[in-house]
Number of protein chains: 2
Amino acid sequence: MRGRPTIYQDANIVKKAQEVFWQKGYSATSLSDLQKATGAGAGSFYNTFKGGKKEVFQKAIEERLLAFDAFKKELSKSEFPLELIKDFFRSIASAEENEHLKGCIIANTVVEMTFIDDNLEADAVQILKEVEQMFTQAIKDEKLKGNLKTQTDPEILGRYLITFWCGLNTLRRMYPDKNVLKNQIEMQLAVIS
Amino acid sequence: MRGRPTIYQDANIVKKAQEVFWQKGYSATSLSDLQKATGAGAGSFYNTFKGGKKEVFQKAIEERLLAFDAFKKELSKSEFPLELIKDFFRSIASAEENEHLKGCIIANTVVEMTFIDDNLEADAVQILKEVEQMFTQAIKDEKLKGNLKTQTDPEILGRYLITFWCGLNTLRRMYPDKNVLKNQIEMQLAVIS
DNA sequence: TTAATTTTGTAATGATTGATACATAAATAG
DNA sequence: CTATTTATGTATCAATCATTACAAAATTAA
């Protein structure tokens with residue numbers, strides 16, 4: 001292939017940009033921020049992403065969707081899927097403070113984008129719904145196997161978990177503290193049993 | 001008192017500005033947005049609020065704190081305080097779609113401001129903690145009166161409610177639907193009994 | 001009436017925004 | 001070696017950003 005070699009790989013730009021978007025959100029992140037974080041100048045940036053800032057943000061969101069898909073795949077192979085989900089929640093407690101403050105970029109986006117950008121908002125909502133669907137399915141399966149005492153509708157329980165996830169997204173910022181979060185997570189997971 | 005009469009009352013500017021901030025957040029709201037919404041030009045605007053955009057946002061947040069104080073006062077007079085809190089959650093379900101999409105301006109601010117403005121972030125976190133404290137106290141009181149079966153620590157239950165509140169803040173945007181929200185709210189409130 | 005005082009409206013301010021233009025660098029195909 | 005192609009770096013764009021400057025308007029105290 002002809003042409004000057006690429007220094008700034010698409011995937012790398014997205015990764016670095018994602019970090020900034022995750023912390024500052026979409027609106028408060030400037031092109032200057034992104035250029036500083038990625039190292040790429042305006043030339044490389046717009047040559048790689050014709051859609052500019054918005055396209056990069058979308059790619060950053062998509063990257064999270066891929067991470068979710070990977071988890072779902074792992075879940076499908078798991079012998080105790082519901083335990084895997086619970087352990088995922090439990091693992092949140094022991095995250096670094098900075099991770100608590102960043103929260104979940106998808107949940108953040110739903111909150112930020114409502115009256116700002118319909119496409120980005122819808123993309124993020126869609127992902128949260130897919131996560132919810134995964135929760136619901138795992139609960140249904142566990143119920144069929146007779147491992148769940150609760151009589152509550154799996155759909156309600158799936159929504160309960162996604163609501164918890166979004167609530168945790170703010171609670172982590174109020175209390176970026178391992179013990180507080182651990183107690184809270186255990187209490188909320190106890191509902192699913 | 002001497003001087004040209006005031007057309008744009010402080011309180012009115014804050015009220016109108018709050019509506020914009022509530023929808024678009026802090027960063028995405030421009031001075032031009034605020035001037036359009038309030039009717040006040042740059043002259044009046046900066047004459048009234050020397051602190052500019054940030055001061056008005058702070059005042060908009062304070063207004064919500066006052067609303068919370070009013071609720072707390074009502075609660076202190078109530079015969080069944082925990083029922084009043086539950087009814088408050090229940091009332092959310094029947095809100096207009098636009099109210100669902102706006103969510104809670106305090107919870108929104110916690111999510112938006114983390115890496116943007118320490119003061120505004122801390123203000124919003126403080127308010128959520130005060131709301132949590134109110135929940136906790138109401139639960140303690142009810143427990144002393146012997147009206148609560150659950151053995152869970154009131155502190156955990158208070159945090160459970162504030163987590164639910166913040167989770168609902170996103171769930172309402174995913175499902176701005178009366179029935180979905182009603183079911184979800186009832187299920188979550190059933191934990192406090 | 002006049003002087004003092006305050007608010008208002010408008011016109012600027014310089015800085016920053018996201019995006020484009022374009023010459024140059026650096027590679028490969030022929 | 002040359003032509004072609006692609007990526008990069010820099011200069012620049014118009015638009016918008018939050019804020020300030022300031023003259024005119026509109027009141028009251030004296």
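What you see is a predicted model; the values in this text were computed from it and never measured. Residue numbers begin at 1 in each chain, while the letters A, B, ... track the order of the sequences.
For B/Ser30 and D/dC17, the shortest distance from a side-chain N or O to OP1 or OP2 is below 4.0 Å. Side-chain nitrogen and oxygen atoms of A/Tyr46 include none within less than 4.0 Å of the OP1 or OP2 phosphate oxygen of C/dT20. Between B/Ser44 and the phosphate of C/dT7, there is no side-chain N or O to OP1/OP2 separation shorter than 4.0 Å.
Cation-pi contact between A/Lys53 and A/Phe45: absent, since separation from the ring centre below 6.0 Å together with deviation from the ring axis within 45° is not met.
Comparing B/Tyr8 and B/Gly3 by the nucleotide of DNA chain C that holds the closest heavy atom to each, the one mapping nearer the 5' end is B/Gly3. Toward the 5' end of DNA chain C, the nearer of the two residues B/Ala42 and B/Arg4, judged by each one's closest nucleotide, is B/Arg4.
For the residue pair A/Gln126 / A/Glu130, a side-chain donor-acceptor distance below 3.5 Å is found, with atom types taken as modelled.
Ring pair A/Phe164/A/Phe135: centre-to-centre distance not below 6.0 Å.
Here the side chain of A/Arg2 is nearest to one of D/dA3, C/dT20, C/dG9, namely D/dA3. For A/Ser32, whose side chain is taken as the heavy atoms from C-beta onward, the closest listed nucleotide among C/dG9, C/dT17, C/dA27 is C/dT17.
Across the protein-nucleic acid pair, A/Lys54 atom NZ and C/dT17 atom P stand 20 Å apart, rounded to whole Å. For A/Leu34 and C/dG18, the CG to C1' distance is 11 Å, given to the nearest whole Å.
Using a 4.0 Å heavy-atom criterion, one finds that A/Ser27 contacts no nucleic acid atom at all.
Enclosure of atom NZ in A/Lys15 is not indicated, since only 12 or fewer non-hydrogen atoms of other residues, nucleotides or ligands lie within 6.0 angstrom.
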